[in-house]
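One structure is given below, encoded as structure tokens.
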Amino acid sequence: MLEKNKLYNIWVYLQAEPLFWLTLTIGAYLVGDYLYKKSKLNPLVNPVAISILLVATILILTGVSYERYFNGAKFIHFMLGPATVALAIPIYKQIELIKKESGSIFISLILGSLFAIFTTYFFAKLMNLDIEIIYSMMPRSVTAPIAMGISDLIGGVPSLTAIITILTGIVGASFGTFALDVLRVKDMTARGFAFGLASHGIGTARAMSRDETAGIFAALALGLSGIATSILIPLLFKLINF
Amino acid sequence: MLKSIFIIFLFQLIGESIQKYFEITIPGPVIGLILLLFTFILLKRSTSIFIKKTKEEISSTSTYITSYLSLLFVPIGVGVVMHLSYLEKNYIEVLGVIFFSTIFTIGFTAVLMEKINIYLKKNARKK
């Protein structure tokens with residue numbers, strides 16, 4: 001009985017400290033990454049989705065709140081900012097190829113971003129969703145901080161946008177490859193660019209794990225579409241009465 | 001390693017400051033990315049050994065950080081799963097819109113870009 005009490009005390013101590021949640025997050029990711037590699041990079045075995053589900057299951061089983069978990073895991077979350085800055089280097093390394101394809105990059109960027117915004121709007125209208133949810137969904141293809149900023153600007157709910165944006169990333173990373181294989185797209189720059197444009201960082205991470213060129217063009221699209229969308233959506237709202 | 005981490009953090013810090021000062025919707029890290037990219041382009045022809053070494057260091061640190069990009073989405077992703085109830089009764093509709101719009105956007109963008117690249121290559125050959 002004494003032993004059990006001791007274990008409980010250790011748990012009470014550990015679950016209040018970041019170390020436990022950091023170890024759990026990295027451990028869950030290693031499991032997800034192991035399964036992803038074991039499946040020969042099958043897109044459905046998405047390492048992000050697996051680690052998220054593992055951690056969420058443990059939180060639900062132990063009754064620990066998300067806020068407490070995040071308080072520990074926020075050190076990993078913090079690295080998203082520096083990692084975004086660091087994407088400058090793979091882009092720099094391919095700057096010649098990017099210059100060569102600058103025409104197709106620009107056209108695909110504008111038309112692809114508009115396509116994402118309008119299909120989201122029309123499908124959501126078709127589903128009879130509330131206008132507040134529709135506004136929250138419209139910027140969903142760009143990276144979460146940009147999407148949340150735009151959502152706030154046009155009358156959406158930023159926290160809802162965050163959820164929808166992350167789901168978009170997971171859907172793109174998990175099913176995008178099938179779409180591109182069905183359409184027989186072989187151009188690695190186009191494949192990568194589409195991933196980054198439609199499913200931001202999570203799609204970019206998937207593209208990077210498959211092919212270097214695709215990863216770089218995904219990172220490029222991630223940055224460019226973020227900028228394009230934050231200009232396009234407010235502009236569209238001035239022109240069209242959604 | 002430490003020097004390159006300092007520089008990456010510094011560029012994010014400058015990016016965040018610019019974002020706050022001008023109140024723009026583009027997040028600080030993306031501004032930091034653009035600034036770092038332009039700095040590298042500007043220093044492309046620099047012959048200084050110090051700059052060359054620093055660039056190499058930043059380059060290897062960046063490769064290391066970006067190879068774990070997926071991991072960095074886990075904490076916020078867990079929040080998504082824990083807060084799915086925000087979607088209320090609209091789960092299926094919202095997921096449906098996300099699914100079809102995302103897949104179509106990936107397909108549309110990739111096919112469009114591939115077609116333009118093929119077209120531009122043909123034109124370049126004609127000249």
Side-chain angles (χ1 to χ4, degrees), chain A residues 25 29 47-48 51-52 55-56 66 70 73 76-77 79-89 91-92 104 107-108 111-112 115-116 119-120 123-124 127 129 145-146 149-150 160 163 166-168 171-172 175-176 179-180 183 185 187 190-191 193-194 197-199 202 205 223 226-227 230, chain B residues 8-9 11-12 15 25-30 32-34 36-37 40-41 58-59 61-63 65-67 69-84 86-87 90 93-114 116-117 120:
Chain A
T25 308
Y29 178 76
V48 187
S51 19
I52 289 171
V55 175
Y66 174 65
F70 190 79
I76 291 173
H77 176 74
M79 282 309 290
L80 260 182
T84 306
V85 176
L87 286 173
I89 279 64
I91 293 174
Y92 171 73
S104 66
I107 301 170
S108 316
L111 294 182
F115 188 89
T119 51
T120 302
F123 287 153
M127 295 287 183
L129 288 168
I146 304 187
I150 300 172
L160 193 59
I163 295 177
I166 300 292
L167 289 174
T168 297
V171 166
F175 301 99
L180 296 181
L183 293 165
V185 179
D187 185 343
R191 288 181 76 112
F193 198 81
L197 183 137
S199 52
I202 303 178
I227 297 167
S230 58
Chain B
I8 292 169
F9 279 22
F11 270 85
Q12 188 185 346
T25 46
I26 301 164
V30 176
L33 184 167
I34 297 166
L36 186 59
L37 179 63
F40 263 67
I41 293 171
I58 297 173
S59 182
T61 305
S62 298
T63 312
I65 300 177
T66 48
S67 65
L69 192 61
S70 307
L71 164 70
L72 311 180
F73 289 101
V74 175
I76 193 170
V78 173
V80 169
V81 175
M82 303 292 278
H83 292 127
L84 272 180
Y86 278 22
L87 297 178
N90 300 312
E93 289 91 338
V94 170
L95 279 177
V97 174
I98 292 175
F99 184 83
F100 287 107
S101 177
T102 304
I103 300 301
F104 288 167
T105 304
I106 290 184
F108 170 80
T109 309
V111 170
L112 176 73
M113 189 161 166
E114 189 176 50
I116 300 173
N117 277 338
L120 289 178

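Protein chains get the first letters and strands the later ones, always in sequence-line order, with residue 1 at the start of each.
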Practice prompt. Of all the heavy-atom pairs spanning B/P29 and A/V85, show the shortest one and how long it is.
Written response: O-CG2, 3.6 Å

Practice prompt. Could you tell me which of B/S62, B/P75, B/A110 has the largest number of non-hydrogen atom pairs under 4.5 Å with chain A?
Written response: B/P75

Fill in: Heavy-atom pairs under 4.5 Å with chain B, option from A/F193, A/F123, A/F70 with the top count
A/F123

Discussion item. Does any part of the side chain of A/I52, heavy atoms only, come nearer than 4.5 Å to the side chain of B/V80, both counted from C-beta?
Written reply: no

Worksheet, complete the sentence: Taken in chain and number order and not counting sequence neighbours, the residues that satisfy ring pair (Phe, Tyr, Trp, His ring centres under 6.0 Å) with B/F100 are none

Worksheet, complete the sentence: Between B/T105 and A/A116, the two heavy atoms sitting closest are OG1-CA, 3.5 Å

Discussion item. Return the CD1 to OG1 distance between A/I107 and B/T109, rounded to the nearest 0.5 Å.
Written reply: 13.0 Å

Discussion item. On a heavy-atom basis, which atom in A/P82 and which in B/F9 lie closest, and how many Å separate them?
Written reply: CG-CE1, 3.4 Å

Practice prompt. Taking all heavy atoms of B/I41 and all of A/Y92, pick out the closest pair and write down the distance.
Written response: N-CE1, 3.8 Å

Worksheet item: By a 4.5 Å heavy-atom criterion (distance strictly below it), what part of B/T63 contacts chain A: side chain, backbone, both, or neither?
Response: side chain

Worksheet item: Could you give the distance from CD1 (A/I202) to CG (B/L69), rounded to the nearest 0.5 Å?
Response: 9.0 Å

Worksheet entry | Choice from B/T61, B/V81, B/L71 maximising heavy atom contacts with chain A below 4.5 Å | B/L71

Worksheet entry | Atom pair CG (B/L95) and OG1 (A/T168), whose distance is rounded to the nearest 0.5 Å | 9.5 Å

Practice prompt. Measure B/I76 against the heavy atoms of chain A and call it side chain, backbone, both or neither at under 4.5 Å.
Written response: both

Discussion item. Contact between A/S199 and B/I106 at the side-chain level, heavy atoms closer than 4.5 Å - yes or no?
Written reply: yes

Fill in: Heavy-atom closest pair, residues A/S108 and B/L112
CA-CD2, 3.8 Å

Fill in: Residue part contacting chain A, namely of B/F104, when any heavy atom lies under 4.5 Å
both

Worksheet item: If you count heavy-atom pairs under 4.5 Å between each of A/T119, A/L160, A/I150 and chain B, which one has the most?
Response: A/T119

Item to complete: Check the pair B/V94, A/I163 against side-chain contact (heavy atoms from CB on, under 4.5 Å), reporting the backbone distance first and the verdict last.
Response: CA-CA 11 Å; B/V94 170; A/I163 295 177; over 6 Å; no

Worksheet item: Is there a side-chain contact between B/V97 and A/L129 (heavy atoms, below 4.5 Å)?
Response: yes

Item to complete: Mind checking ring pair (Phe, Tyr, Trp, His ring centres under 6.0 Å) for A/F115 and listing every partner two or more places apart, or none if nothing turns up?
Response: B/F108

Response to the item:
From the list A/A124, A/A190, A/G176, A/A205, the residue making the most non-hydrogen contacts under 4.5 Å with chain B is A/A190

Item to complete: Determine, step by step, whether A/L87 and B/L37 satisfy the side-chain contact (heavy atoms from CB on, under 4.5 Å) criterion, reporting the C-alpha distance in whole Å, the side-chain angles of both residues, the deciding distance to 0.1 Å, and the verdict.
Response: CA-CA 9 Å; A/L87 286 173; B/L37 179 63; over 6 Å; no

Worksheet item: For A/L197, is it the side chain, the backbone, both or neither that has a heavy atom under 4.5 Å from a heavy atom of chain B?
Response: side chain

Worksheet item: Are any of the side-chain heavy atoms of A/I89 and B/T66 separated by less than 4.5 Å?
Response: no

Fill in: Heavy-atom proximity to chain A below 4.5 Å, by part of B/V78
both

Practice prompt. Would you mind telling me which of B/I34, B/I65, B/T102, B/I116 has the largest number of heavy-atom pairs within less than 4.5 Å of chain A?
Written response: B/T102

Worksheet item: Which distance, rounded to the nearest 0.5 Å, do you find between the CG of B/L36 and the OG1 of A/T84?
Response: 12.0 Å

Worksheet entry | Heavy-atom pairs under 4.5 Å with chain B, option from A/G226, A/G172, A/G81, A/G112 with the top count | A/G81

Worksheet item: Can you name the closest pair of heavy atoms from A/G223 and B/V30 and give their distance?
Response: O-CG1, 4.4 Å

Worksheet item: Are side-chain heavy atoms of B/L33 and A/I91 found at a separation under 4.5 Å?
Response: yes

Practice prompt. Compare all side-chain heavy atoms of A/D187 with those of B/M113 and state whether any distance is below 4.5 angstrom.
Written response: no

Practice prompt. Heavy-atom pairs under 4.5 Å with chain B are the metric here; pick the option from A/L180, A/I146, A/V48, A/I166 that has the most.
Written response: A/I146

